[in-house]
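These notes concern the structure reproduced below.
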2 protein chains.
Amino acid sequence: MSCEEIFLEKLRKRGFRLTPQREIVLSILHQIDSMASVEEIFEKVQDISTAIDISTVYRTLDLLQEFNLVISTDLGDGHQDYKLVGAEDPHLHLVCRQCGAVIGTEMGPGSSLAAYYLENYGFRVDFDFLSFPGLCKNCQPQGQ
Amino acid sequence: MSCEEIFLEKLRKRGFRLTPQREIVLSILHQIDSMASVEEIFEKVQDISTAIDISTVYRTLDLLQEFNLVISTDLGDGHQDYKLVGAEDPHLHLVCRQCGAVIGTEMGPGSSLAAYYLENYGFRVDFDFLSFPGLCKNCQPQGQ
DNA sequence: GTTATTGCAAATTATTTGCACTTGG
DNA sequence: CCAAGTGCAAATAATTTGCAATAAC
């Protein structure tokens, strides 16, 4: 099932509507690989229609996030970045704090970590779609 | 070595100065167990001296964070929360998104996770002082 | 003394909201 | 139709900044 279909289904289930604005934001997100700021998303949205307001983009991103179609992270620069994760299974993201690259990985070792904390601390970590900050291969200092 | 000593040393090393304002902010952080907002920290600071400005609190928290004496997280409510981690070894925090409780844990399983990602993706996760969002024992819904 | 630091007030940035108008179902 | 959604402009919240006065070393 495609993102669009999932989106439509979840909207319907809650009595929400599919508007052109929502379709456009979703289509833009499909074009972006790494995390993107609202500003960046908004600019691309405006290439399609200048009539769409940034508040609508915010509202749509919130909605998509609630539907688990989008994740967001604060990379430490004072605003949220967003990325479409679509119809995929829960997984982890490695987000480079230098270049913003996003590497999606299976839950694998994350699952054991989650189990460990649940067992030992009774704490249920929200690992689904979690992002880990760090440095990707290319952005690591030479020596290390 | 106490937090205060580490702080002083790191300040000196960079030609920075130890001011009463900085000492007060650090002392307040010692009184707080869980993550706290700047507003909360600022209020307590004002109990000691009303002359201290909130911008100074921000500046001091930034400094402490740079020195790895303080961590910050965005718990998803639109602002950063801070916590003193002091002279401790790198470790992980489990932060409850319901009640804000912070559970400090050893790096243990985090280290293997870091090693895993380095090996398989060449990605160096910033695990030091990282926080995992989730639900603590008390805040979990009954059935689960 | 010199220069980092502060308090203040104003600016900036990110995000949210109230509301009259529009539109999807 | 009519409730949900939108654009707009204004509000809010969090954080940052410029600068003259102050104080640490």
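Chain naming here is simple, since letters A, B, ... match the order of the sequence lines and numbering starts at 1 in each.
Under the 6.0 Å cut-off for aromatic ring centres, A:Phe132 and B:Phe132 qualify, their centroids lying closer than that.
The listed nucleotides are C:dA14, D:dA14, D:dG5; the one nearest the side chain of A:His79 is C:dA14.
B:Leu18 comes within contact range of the sugar-phosphate backbone alone, with a heavy-atom separation under 4.0 Å but no base atom that close. Residue contacts for A:Gln80: at a heavy-atom cut-off of 4.0 Å it reaches the sugar-phosphate backbone alone, with no base atom in range.
The separation between B:Leu8 atom CG and D:dA24 atom P is 14 Å, rounded to whole Å. Rounded to whole angstrom, the span from the CD1 atom of A:Ile41 across to the P atom of C:dT15 amounts to 10 Å. Rounded to whole angstrom, the span from the CD1 atom of A:Ile54 across to the C1' atom of D:dA10 amounts to 15 Å. When the P atom of C:dG24 is taken as reference, atom CG of A:Leu11 falls 14 Å away, rounded to whole Å. In this structure, the CG atom of A:Leu61 is 15 Å from the P atom of D:dG5, given to the nearest Å. Atom CG of B:Asp53 and atom P of D:dA14 are 16 Å apart (whole Å). For A:Leu63 and D:dA4, the CG to P distance is 13 Å, given to the nearest whole Å. If you measure from atom CG of A:Asp62 to atom P of C:dT17, you get 10 Å, rounded to the nearest angstrom.
With 3.5 Å as the limit, one finds a donor-acceptor pair spanning the side chains of A:Gln80 and A:Ser72.
In the interface, the side chain of A:Arg12 is not paired with the base of C:dG25 through any donor and acceptor atom under 3.5 Å apart.
The shortest distance between the side-chain N/O atoms of A:Gln21 and the OP1/OP2 oxygens of D:dG7 is below 4.0 Å. Of the side-chain N and O atoms in B:Thr56, one or more sit less than 4.0 angstrom from OP1 or OP2 of C:dG7. Contact annotation: A:Arg22 reaches the phosphate of D:dG5 (side-chain N/O to OP1 or OP2, under 4.0 Å). Contact annotation: B:Tyr58 does not reach the phosphate of D:dT16 (side-chain N/O to OP1 or OP2, under 4.0 Å).
For the atom pair CG (B:Leu8) and CG (B:Leu18), the distance works out to 5.5 Å, reported to the nearest 0.5 Å.
Residue-to-nucleotide proximity on DNA chain D shows that, of A:Thr19 and B:Arg17, the 5′-proximal contact is made by A:Thr19.
B:Ile32 is not listed as a side-chain neighbour of B:Lys83, based on a closest heavy-atom distance of 4.5 Å or more.
Within a 6.0 Å sphere centred on CD of B:Gln31, heavy atoms belonging to other residues, nucleotides or ligands number more than 12.
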